[in-house]
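Working notes, structure below.
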Amino acid sequence: MSTLYSDLALADPLKRAVADMGYEHMTPIQAQAIPVVLSGQDVMGAAQTGTGKTAAFSLPLLHRLLKHENASTSPARHPVRALVLLPTRELADQVAQQVKLYAKYTQLRSAVVFGGIDMKPQTAELKKGVEVLVATPGRLLDHIEAKNAVLNQVEYVVLDEADRMLDIGFLPDLQRILSYLPKQRTTLLFSATFSPEIKRLASSYLQDPITIEVARPNETASTVEQVFYGVHEDDKRRALKQIVRQRGITQAFVFVNSKLGCARLARSLEREGLRCTALHGDKSQDERLKALAAFKAGEVDLLVCTDVAARGLDIKDVPAVFNYDVPFNAEDYVHRIGRTGRAGASGLAVSFAGGGNDARLVADIEKLIKKKIELQPLEMDDERPRGRMNDGRRRWREDGETGDARDALDAPRSNQGSSEGYRAPRPQRTTHASRDPFFDKPYEASDRGEEKPAWEASAKAPAPRQPGSTNIRSKRKVAALFKAAETQQN
DNA sequence: AAAAAAC
């Protein structure tokens with residue numbers, strides 16, 4: 001079977017766009033999925049991201065939109081004919097940009113809507129009419145309810161990161177959205193991981209689906225070296241810096257399980273002079289996009305993030321991923337380490353297992369990825385005594401580190417984003433005394449009768465959520481909800 | 001347990 005794009009029965013404008021991007025050969029997921037989508041069948045696709053999944057569904061989908069005019073609407077109108085749903089805003093943004101590129105030589109219009117930013121520009125664009133709409137669930141529902149988006153002409157729905165979209169937190173919103181769509185439609189589901197429940201639930205949304213499995217589901221890329229270290233909670237930050245230095249890591253995602261932990265770690269590393277930035281869901285959308293852009297542009301070396309960044313983000317040539325915390329779900333491990341080793345490149349995934357439940361979580365990962373995990377001790381190159389004083393302050397702090405292959409990681413934060421791309425020489429290390437004595441201690445504004453610092457206020461701000469079904473957590477209720485969802489749909 | 005997604 002040919003894998004050449006030029007041999008494919010794709011509309012000319014699409015072929016030109018593909019050629020512009022320098023693609024000649026299809027990736028395996030593309031070679032398998034494109035013909036199936038062109039034929040109009042439902043698809044359940046298991047494929048690692050970074051393998052060209054977005055092109056795999058958008059190209060054939062655009063082709064069908066071009067070839068099959070929607071008879072029920074006049075050519076002057078532009079009803080939404082294809083809807084692509086994603087679980088995070090950054091991902092929606094990324095996919096929308098790709099769709100725009102593929103569609104650039106066609107008359108088809110596309111738009112993206114997600115929360116955290118002004119609704120008005122999105123509304124204006126929707127009112128002009130778009131054929132392809134990329135969205136996150138919450139904001140889309142807002143637009144539907146405001147009658148900005150009419151979805152009764154939708155012919156194609158894509159659920160990317162489908163297992164997340166069908167997860168308990170998203171399911172109610174997703175079901176409401178699907179209830180606005182025509183029953184007669186093509187549905188495409190893609191994910192790198194499928195748990196058995198999700199797979200069963202997913203199949204209830206599909207009609208005679210073709211299953212495409214390029215990688216075995218839940219499989220981790222063979223090009224990614226996976227290392228697990230047993231590291232005490234107090235040593236994790238030092239361990240992170242040591243490994244970055246020893247292995248000469250130029251850029252990495254650093255995954256942390258909580259938003260607050262994420263904000264704190266980023267702040268600590270920043271104070272130590274590392275070029276890093278935090279990305280988590282309690283930052284403003286503007287800050288989120290800026291953080292991601294800075295990382296993409298290489299202005300920061302470490303992106304300290306929550307699982308908001310675990311899925312789908314396609315950033316070229318990131319050599320490493322750290323699991324500073326072992327993820328709560330084994331599936332998230334697969335997604336997290338999928339941020340490196342993309343498009344056939346090699347990558348490194350380093351995970352720190354601390355105390356608590358970590359051993360069990362590691363065992364879960366082992367079971368899911370079907371690979372033996374050896375937990376290694378980490379030889380620390382600095383064995384000065386450590387611990388906390390009774391008042392909670394650190395007895396000492398790591399400084400005066402000598403060896404440092406990497407000026408980049410030692411450049412002061414203030415240089416970050418300098419438009420000349422200038423990197424100052426490594427600064428003199430500051431002394432302990434000049435640092436905040438409450439460095440490692442949870443900062444309580446009441447301690448000092450001050451306002452909370454902005455970083456912490458934002459990290460702590462509770463997400464405003466309507467009390468509702470999305471917070472249902474009991475096992476029984478979750479099971480009931482899944483059951484109901486399965487029997488209701490189609 | 002946590003995160004994500006709407007004003």
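Reminder, nothing fancy here: chain letters follow the sequence lines and each chain counts from 1. Since the model is a prediction, treat every value here as computed from it, not as a measurement.
Among the nucleotides dA1(B), dA2(B), dA4(B), the one closest to the side chain of Ser258(A) is dA2(B). Checking dA1(B), dA6(B), dA3(B) against the side-chain heavy atoms of Asp167(A) singles out dA3(B) as nearest. Comparing dA1(B), dA5(B), dA3(B) against the side chain of Thr88(A) picks out dA5(B) as the nearest.
When rounded to the nearest whole Å, the span between CG of Leu174(A) and C1' of dA6(B) equals 16 Å. Rounded to whole angstrom, the span from the NE2 atom of His143(A) across to the P atom of dA5(B) amounts to 15 Å. Between the C1' atom of dA5(B) and the CD atom of Glu161(A) lies a distance of 15 Å, rounded to the nearest Å. In this structure, the CG atom of Leu279(A) is 13 Å from the P atom of dA3(B), given to the nearest Å. Remark: P of dA2(B) and CZ of Arg336(A) are 14 Å apart, rounded to the nearest angstrom. Note: CG (Asp325(A)) to C1' (dA1(B)) measures 12 Å, nearest angstrom. Distance Asp358(A) CG to dA1(B) C1': 12 Å, rounded to the nearest Å. Remark: P of dA2(B) and CZ of Arg311(A) are 19 Å apart, rounded to the nearest angstrom.
Looking at residues two or more places apart in sequence or on another chain, you find a salt bridge (Lys or Arg N to Asp or Glu O under 4.0 Å) between Lys120(A) and Asp118(A). With sequence neighbours left out, Val150(A) forms a side-chain contact (heavy atoms from CB on, under 4.5 Å) with Asn152(A).
Phosphate proximity of dA2(B) to Thr306(A): absent, as no side-chain N or O sits under 4.0 Å from OP1 or OP2. Note on Thr136(A): a side-chain N or O is less than 4.0 Å away from OP1 or OP2 of dA6(B). Remark: Arg288(A) is in phosphate contact with dA5(B), judged by side-chain N or O atoms under 4.0 Å from OP1 or OP2. Note on Arg89(A): a side-chain N or O is less than 4.0 Å away from OP1 or OP2 of dA6(B).
Judged purely by distance below 3.5 Å, without hydrogens or angles, the side chains of Asp163(A) and Thr193(A) pair a donor atom with an acceptor atom.
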Step by step, work out the side chain to side chain donor-acceptor pair (under 3.5 Å) result for Tyr333(A) and Gln226(A). CA-CA 11 Å; Tyr333(A) 175 82; Gln226(A) 302 177 55; 2.5 Å; yes

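Each of Leu151(A), Leu181(A), Val84(A) was scored for a side-chain contact (heavy atoms from CB on, under 4.5 Å) with Val157(A), with one residue passing: Leu181(A).
Within the nucleic acid shown, Asp307(A) has no heavy atom closer than 4.0 Å to any nucleic acid atom.
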